[in-house]
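Input: a single structure, listed below in structure tokens.
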Amino acid sequence: MDTLTHTLMGGSIVGLAHIDPAIDPMTAGFITTVVGASLIPDLDTILKLKNNAVYIKNHRGITHSLPFTIITWPLLLAVLSSTFFDLPFVNMYLWSLFAVSLHVFSDIFNAYGTQALRPFNHTWLQLGFINTIDIPMIVMHLIYFALWYIGFNPVMLFIVLYAVMALYYIGRYLYKRYLINKIKERLPDENITRVLCLPTLHFNQWRVVAVTEQAYYVGRTFKGQVVFYDRFEKIGPLEGELFEAVKDDKNFKAFTFFSSIYRYEIKDISHNTVEVRYIDLRYLKDGHYPFVCIMLLDKDDYDVQSSYTGWVYSETKLQQKLASN
């Protein structure tokens, strides 16, 4: 989820903490610790300062893993809160554990997902039926704080809020199943092997990728109606000298590690340079596929001259990024 939603979730936990007689949850130290616990798994965002490849490959990885969720983050925050704010260690460990766990758990439901089962399993958990920025969830939390402010019991409000959110999640999941069936009905003569249906910022619009034995179909749904914009013939994986040249490139490894449905293009861009472009099909927006991996190779020996992976919304900016790498 986005930073705002995680912060609001942390604030709601402050309300729930009124059930704990050992602490005063409205102290600055407690609020700072719990809201911090709700945000700390995203500390890996600082990896952007290194480069996109490192960030993409590691974001929501180890910082969202089981050891960090259960031990590292809660223990660190409990030590800090007991040392600097004189708060009870065991209580702060448990409240921090709850806040961190809620953060990691909520991230599983969007398209990006997490590697929450590391180190036992490095698979991305991507349920993909709640958008990263989900307006109804934000509104529900704002109503929670408004009702708390005017005098309602924050503990009871928390129970009601998360009961309503549970129903909301179930509804979104069922709606996604309904859309997947609609997508299959739109392609009755195709042997569909996989369907991705991912939410957007707009409540009734979902991104769609249908994979068949022969092609990729890319589109959107609007209030339950499926519209396909692009069809790409499937081709075999990159092989031979080109694959041997790019397989160890850090940007290529990061892209293929993160992206689950993609295609590639090869084209000559000068007499001595060839471009290999990998395109993630999950993020079509306004006729453009913004998440890509580009590698420029020398035609003579296929050395990678420059490469980049990340979000690019114009070809001009992409070329600038390639030139700087």
Side-chain angles (χ1 to χ4, degrees), residues 1-20 22-48 55 57-127 130-134 137-138 140-141 144-145 154-155 158-159 161-163 165-166 169:
M1 306 304 296
D2 65 302
T3 301
L4 174 59
T5 304
H6 284 309
T7 303
L8 293 173
M9 285 180 167
S12 70
I13 294 172
V14 172
L16 177 65
H18 282 75
I19 64 174
D20 189 343
I23 55 173
D24 177 359
M26 299 311 293
T27 61
F30 184 84
I31 293 172
T32 300
T33 302
V34 171
V35 173
S38 297
L39 298 174
I40 201 168
D42 285 341
L43 192 64
D44 57 10
T45 301
I46 63 174
L47 293 173
K48 281 186 176 181
Y55 171 72
K57 192 168 183 179
N58 292 282
H59 181 48
R60 297 194 185 178
I62 191 170
T63 60
H64 289 61
S65 66
L66 282 173
F68 271 71
T69 300
I70 298 172
I71 301 172
T72 305
W73 296 135
L75 187 61
L76 172 65
L77 292 165
V79 169
L80 292 175
S81 62
S82 62
T83 301
F84 292 102
F85 301 117
D86 198 29
L87 292 165
F89 177 85
V90 173
N91 299 65
M92 294 312 301
Y93 173 83
L94 294 174
W95 284 114
S96 298
L97 173 63
F98 182 55
V100 173
S101 299
L102 184 60
H103 175 122
V104 174
F105 180 72
S106 64
D107 279 347
I108 291 171
F109 294 92
N110 58 51
Y112 199 112
T114 76
Q115 290 181 292
L117 298 180
R118 289 178 63 172
F120 305 105
N121 190 323
H122 284 62
T123 301
W124 285 94
L125 302 178
Q126 305 164 314
L127 299 183
I130 300 294
N131 195 44
T132 303
I133 302 175
D134 191 277
M137 283 182 59
I138 292 173
M140 281 187 269
H141 279 84
Y144 169 89
F145 290 112
V155 176
F158 183 93
I159 295 171
L161 169 64
Y162 280 83
M165 281 177 53
Y169 272 53

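Values reported hereafter were calculated over all heavy atoms of this structure, with side chains retained and with hydrogens, waters and symmetry mates removed.
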Taking the side chain from [X] and the backbone from [Y], do they hold a donor-acceptor pair closer than 3.5 Å?
X      : Y      : answer
Ser65  : Gly61  : no
Asp107 : Gly113 : no
His103 : Ala99  : no
His6   : Met1   : yes
His18  : Gly15  : yes

Evaluate side-chain contact (heavy atoms from CB on, under 4.5 Å) for Thr33 paired with Leu80, printing each intermediate quantity in order.
CA-CA 8 Å; Thr33 302; Leu80 292 175; over 6 Å; no
[X] side, atom [atom1]; [Y] side, atom [atom2] - distance, nearest 0.5 Å:
X      : Y      : atom1 : atom2 : answer
Thr7   : Asp2   : OG1   : CG    : 8.0 Å
Phe98  : Leu16  : CZ    : CG    : 6.0 Å
Leu66  : Thr72  : CG    : OG1   : 11.0 Å
His141 : Phe158 : NE2   : CZ    : 7.5 Å

Distance-only polar pair, side chains of Thr45 and Asp42, donor-acceptor under 3.5 Å
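Short answer, no.
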Pairwise side-chain contact, [X] with [Y], heavy-atom cut-off 4.5 Å (strictly under):
X      : Y      : result
Met137 : Tyr169 : yes
Leu8   : Tyr144 : no
Leu125 : Leu117 : yes

Any chance you could lay out the side-chain contact (heavy atoms from CB on, under 4.5 Å) test for Asp134 and Thr5, step after step, and finish with the verdict?
CA-CA 8 Å; Asp134 191 277; Thr5 304; 5.9 Å; no
Measure across [X] and [Y] and return the closest heavy-atom pair with its distance rounded to 0.1 Å.
X      : Y      : value
Val35  : Gly11  : CG2-N, 4.3 Å
Ala116 : Ile108 : CB-CD1, 4.4 Å
Ser96  : Leu77  : OG-CB, 3.6 Å

Can you name the side-chain contact (heavy atoms from CB on, under 4.5 Å) partners of Thr132, sequence neighbours left out?
Arg60, Asn110
side-chain contact (heavy atoms from CB on, under 4.5 Å) involving Thr69 - partner list, sequence neighbours excluded:
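With neighbours one apart ignored, the set is Val100, Ser101, Val104.
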Restricting to side chain to side chain donor-acceptor pair (under 3.5 Å), what partner residues turn up for Tyr112, sequence neighbours left out?
none
State which residues pass side chain to side chain donor-acceptor pair (under 3.5 Å) with Asp44; sequence neighbours excluded, sorted by chain then number.
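Here the qualifying residues are His59, Thr63.
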Identify every side-chain donor-acceptor pair in residues 84-94 under 3.5 Å, counting partners at least two apart or on other chains, and give the distances.
unit_1: Asn91; atom_1: ND2; unit_2: Asp20; atom_2: OD1; d: 3.2
unit_1: Asn91; atom_1: ND2; unit_2: Asp20; atom_2: OD2; d: 2.9
unit_1: Tyr93; atom_1: OH; unit_2: Ile70; atom_2: O; d: 2.5

Kindly indicate, with the supporting measurements, whether the criterion side-chain contact (heavy atoms from CB on, under 4.5 Å) is fulfilled by Tyr162 and Met9.
CA-CA 10 Å; Tyr162 280 83; Met9 285 180 167; 3.6 Å; yes
According to salt bridge (Lys or Arg N to Asp or Glu O under 4.0 Å), does anything in residues 108-118 pair up with another residue at least two apart or in another chain? List the pairs.
none
Could you check whether the rings of Phe30 and Trp95 sit parallel, tilted or perpendicular, using 30° and 60° as the cut-offs?
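Because their plane-to-plane angle is over 60°, the rings of Phe30 and Trp95 count as perpendicular.
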